[in-house]
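Just below is one structure, and these are the notes that go with it.
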Amino acid sequence: MKATARACANQGLIKYWGKTEESGRLPSNDSISVCLDRLTTTTTVEFSPEYAHDTVRINGAPAGDHRVTRHLDLVRAMAKSTLKARVDSQNGFPAAVGFASSASGFAALSLAAASAIGLNLSQVELTRLARRGSGSASRSIPGGFSELKAGNDEEAVAIQLASPESVDLRTVVVVVGEAPKKTPSSEGMRITTETSPMFRARLEYLPKALDDMRAALRSGDPAEVARLAEVDTLNMHATMLTSQPSLIYWTAETVAVMHDVRAMREDGIPAYFSIDAGQNPFVNVPAPHAEAARRRLEQLPVVRSTFLCAPGGPTELVDPPLF
Ligand code: PMV
């Protein structure tokens, strides 16, 4: 009763920010993302009558993570089992880079736990399970460029819109700080939906933004995908900035990178920034310009390190197990 899965983290391109229901993690809006091939999490889960309670280790250290245990409870309820589990999870990138990576974490946990307990879930069913751990995790299940639908528990599932190879996009993950964000995204979403006067305007703007992104993915236009993600970043952060209390996920270093990306465009590199709920920006750029963009970012004094990622694949079962 042991299985191991590997999942990629993902970057919101048209971002998910806000829920209609907290407990089921039902998103207020459709969202689109791209998986990042170098930001992976591998997780082994074993259910056994020999375990008296769940134990969870993340990157080798014991973790008292109630969200993991709650997720295991969901899987046990689906399988009508009471078996306890051992969970080991390892990120394929330095823990200190500040990407808490709930997306890759809950995607890998969902597939590994479902397989270990003997549930035979379809990919769509897995996206529903992963969403209940973390909304963005749902989009890491099908991989590539994928969309998580808004709606009720039945409707809020993720599908792949475009394969990893179909859009020649690269993402430079730019590390400017390692401190975890002060406001976790669940809390931030609640504050924004309840207080930002811009939130309703965002919901009105989204249908066209989503259609434009779907069209850019269909036509395989990486510069347009990157441009639209920057537009959406500023729209989402406008709702955060105008919340009460206001949510400023950017630091001075984040803003320095934003300005340098705009200067790069003036110098002929079609690079665009994208920022989720944190200080570390992504820089999206068509593949032929990726190395030039990365070299330039690494010269900035505020940049600590970078990872160059291509679009990543789906969450998969892998060998060997971590224990
Ligand atoms: O990772 P979650 O499910 O708590 O949500 C994070 C949402 C953003 O990263 C800010 C945007 C997105 O679409 O990924």
Side-chain angles (χ1 to χ4, degrees), residues 7-36 39 41 65 67-68 70-71 91 98-110 127-150 156-158 161 171 173 180-193 196 199 202-203 205-206 209-210 213 225 228-241 243 247-250 254 273-282 284 309 311-312 315:
C8 297
N10 68 69
Q11 169 204 172
L13 295 171
I14 299 295
K15 295 172 192 292
Y16 148 55
W17 195 250
K19 297 189 196 73
T20 56
E21 196 220 86
E22 187 61 45
S23 64
R25 290 184 189 271
L26 299 177
S28 309
N29 65 277
D30 298 348
S31 60
I32 297 174
S33 63
V34 58
C35 276
L36 301 167
L39 301 190
T41 300
D65 194 329
R67 276 176 76 181
V68 173
R70 276 207 304 272
H71 207 60
N91 288 330
F99 294 95
S101 205
S102 64
S104 53
F106 279 100
L109 177 67
S110 297
T127 72
R128 194 178 286 120
L129 172 62
R131 187 204 75 231
R132 297 188 63 186
S134 163
S136 58
S138 186
R139 299 181 311 221
S140 284
I141 298 286
F145 296 84
S146 59
E147 173 164 353
L148 169 62
K149 303 299 286 181
V157 294
L161 291 181
T171 301
V173 178
K181 55 189 167 214
K182 289 203 187 84
T183 312
S185 49
S186 285
E187 169 78 351
M189 287 185 198
R190 190 185 56 72
I191 294 171
T192 300
T193 51
S196 171
F199 185 68
R202 173 162 175 77
L203 293 181
Y205 134 100
L206 274 163
L210 287 155
M213 184 59 83
V225 169
L228 292 169
E230 183 177 296
V231 170
D232 191 61
T233 290
L234 293 168
N235 189 288
M236 177 184 74
H237 282 269
T239 70
M240 296 162 159
L241 293 165
S243 296
L247 302 168
I248 308 177
Y249 285 104
W250 304 338
T254 316
F273 60 78
S274 162
I275 307 158
D276 284 345
Q279 63 186 322
N280 292 321
F282 303 106
N284 293 313
C309 294
T315 302

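As the structure lists them, so they are numbered: ligands from 1, and atoms in each ligand from 1.
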Ligand 1 versus [X], non-hydrogen atoms closer than 4.0 Å: side chain, backbone, both, neither?
X	value
S185	side chain
M240	neither
S102	side chain

Options S136, A9, G135, ranked by nearest heavy atom to atom 1 (O) of ligand 1, top entry: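 Answer by nearest heavy atom: S136.
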
Atom 12 (C) of ligand 1: nearest protein contact (heavy atom, Å):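 The closest one turns out to be R139 NH2, 3.3 Å.
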
Quick one: look up the protein heavy atom nearest atom 7 (C) of ligand 1 and list residue, atom name and how far away it is.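 Ranking protein heavy atoms by distance from atom 7 (C) of ligand 1, first comes Y16 O, 3.3 Å.
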
Would S243 and T192 count as having a side-chain donor-acceptor pair, cut-off 3.5 Å?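 Side-chain D/A pair, S243 to T192: present.
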
Going by atom types alone, do Y249 and D276 pair a side-chain donor with an acceptor below 3.5 Å?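 Y249 vs D276: no donor-acceptor pair found between side chains.
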
Consider ligand 1: state whether an atom of it lies below 4.0 angstrom from any non-hydrogen atom of [X].
X	value
R25	no
Q11	no
S33	no

Which ligand 1 atoms, with their elements, are less than 4.0 angstrom from a heavy-atom of A277?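 Atoms satisfying the 4.0 Å criterion: 10 (C).
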
